[in-house]
Protein chains: 2
Amino acid sequence: MSQRRIPEATVARLPRYLQVLVEAADAGQHTLSSDDLAKASGLTSAKVRKDLSFLGTYGTRGVGYTVAQLTTEISTVLGLSDDRPVVIIGIGNLGRALATYDGFTRRGFRVEALVDADPDKIGTRVGDLVVQAPQDLPSLVRDRGVTIAVLATPADRTQAVADDVVAAGMTAILNFAPGHLDVPDRITVRSVDLSTELQILSFYEQLSQVSAAAS
Amino acid sequence: MSQRRIPEATVARLPRYLQVLVEAADAGQHTLSSDDLAKASGLTSAKVRKDLSFLGTYGTRGVGYTVAQLTTEISTVLGLSDDRPVVIIGIGNLGRALATYDGFTRRGFRVEALVDADPDKIGTRVGDLVVQAPQDLPSLVRDRGVTIAVLATPADRTQAVADDVVAAGMTAILNFAPGHLDVPDRITVRSVDLSTELQILSFYEQLSQVSAAAS
DNA sequence: CTTTGTGAAATCCTTCACAGCG
DNA sequence: CGCTGTGAAGGATTTCACAAAG
């Protein structure tokens, strides 16, 4: 029952499964049951099975899933077959941290270039890379196949930078600046706002304090 | 119709509204319609109205919502009445970036302390703060009212650090390390994994490339 | 005439529970 | 016997569409 449309909620969990699988492979595990996967990722086994059923029939009844096979399958579905090149734009504190973050490297991506608009930053080195100018964006797309931009620019500059990114021909943006980005439909955008996450956390913490006090 | 249980999906959007409201206030706007809010946050007006209806009846028909009033209401619901103190644990590249990130400060939080287990880092300064030892966690809770921990530790140390945080009496964790954290039910956890976000983005980018090629 | 607030419909997601395969 | 794969049930969320308020 392969190749159906994969639900959004499922896509959002695939990276977790992938991570558990990679760790299991490192630990020498050959197969994992849906229950193993569930325990390691904090979910229920039914959810795991449903999720994986959208990818196709990769399990063996009575046994579980083959670690190597499922790893390949999820990587393919996520489009992680090769190291995908990304450019980080905005080399402030956060941008610098992202540039040297080894998690990207270890999980299917390669930081191919760094870009900043500040003339004082252009030409400086961060890790192995030299900061380039926004004018270089089109050539990153053309000559080096970069289609994913990670934005860590100041909030008031982000829409303008996104426009440049789109004009240069990139097709996906991971945005760390607060606020909504307006881009054409063909561009894929995901936004992660660190303060927003803290605010959501704050709500639930407050809630559990209140219900604890009531008991 | 105030004080019902607020759906998770709605809670996750409240910070966006809050941000739009603050910007509108800065721009001198006195009221905003659900459509204004929707356009500024990339949603539909029906969704905005439904969301806000869970907080109570704060709009005026034919006019919209009073910026100041709604700002106060959402802040209260999210528990942002005062600057909430947070501690950042794990002062690597990411931790350092978070420590100096002014977004936290501007949106209801105060970075009250920094903690790292590395003796070489303890005692060093980052911004206005001096890095402390994990042993200081209980006193941060007791003497300075810190209940929220932001974890930016290496993946293989994170569960142990989370255990310390819980033992020290904190009640909320924002986790930036990959992988699942196991904590008691009374603790509120949110995880943000930067690589996961890129992988999800990669899936949707790939998807839109495929459908574009089909046309 | 504009814009809210909301039932009702439609869609999406999770959980249940069990048939069926290895 | 153990574990997957999945229909069907149950919840949650989004969208629709309109009555009512200013």
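Lettering follows sequence order; numbering is per chain, from 1. Note: hydrogens, waters and symmetry copies are ignored here, and every other heavy atom, side chains too, is used. Given the structure is predicted, the values throughout are model-derived calculations rather than measurements.
For S34(A) and dT4(D), the shortest distance from a side-chain N or O to OP1 or OP2 is below 4.0 Å. A sub-4.0 Å separation between OP1 or OP2 of dT15(D) and a side-chain N or O of K47(B) is present. Residue Y58(B) has no polar side-chain atom (N or O) positioned under 4.0 Å from OP1 or OP2 of dT3(C). Residue R13(A) places at least one side-chain N or O under 4.0 Å from the OP1 or OP2 atom of dT14(C). The phosphate of dT4(C) (OP1 or OP2) has no side-chain N or O of T60(B) nearer than 4.0 angstrom.
Atom pair L70(A):CG and dT4(D):P shows a separation of 11 Å (rounding to whole Å applied). If you take CG of L43(A) and P of dT14(C), they are 9 Å apart, rounded to a whole angstrom. Atom-to-atom, CG of D51(A) to C1' of dC13(C) comes out at 10 Å; the value is rounded to the nearest Å. Distance L32(B) CG to dT3(C) P: 12 Å, rounded to the nearest Å. A straight line from CD of E8(B) to C1' of dC12(C) spans 15 Å, rounded to a whole angstrom. Atom CZ of R49(B) and atom P of dA19(D) are 15 Å apart (whole Å). Put simply, CG on L37(B) is 12 Å from P on dG5(C), counting in whole angstrom units. Computed from coordinates, the L52(A) CG to dC3(D) C1' distance equals 13 Å when rounded to whole Å.
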Between E205(B) and T188(A), is a side chain to side chain donor-acceptor pair (under 3.5 Å) present by the stated rule, with each step listed?
CA-CA 6 Å; E205(B) 187 204 25; T188(A) 307; over 6 Å; no
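Atom CD of residue E8(B) and atom CD1 of residue I200(A) lie 9.5 Å apart, to the nearest 0.5 angstrom. To the nearest 0.5 angstrom, T153(B) atom OG1 is 11.5 Å from F176(B) atom CZ.
For S53(A), taking side-chain heavy atoms from C-beta onward, the closest of the listed nucleotides dG5(D), dT6(C), dT13(D) is dG5(D). Proximity note for T57(B) (side chain, C-beta onward) versus dT14(D), dG5(C), dT15(C): the nearest is dG5(C). Out of dG5(D), dG7(D), dT3(C), the shortest distance to the side chain of K50(A) is found at dG7(D).
The closest donor-acceptor contact from the side chain of E197(A) to the backbone of R190(B) lies at 3.5 Å or more, if one exists at all.
Checked by distance alone, R61(B) brings no side-chain donor or acceptor within 3.5 Å of a matching partner on the base of dT3(C).
For the 3.5 Å distance criterion, the side chains of R13(A) and S41(A) fail to qualify, holding no donor opposite an acceptor.
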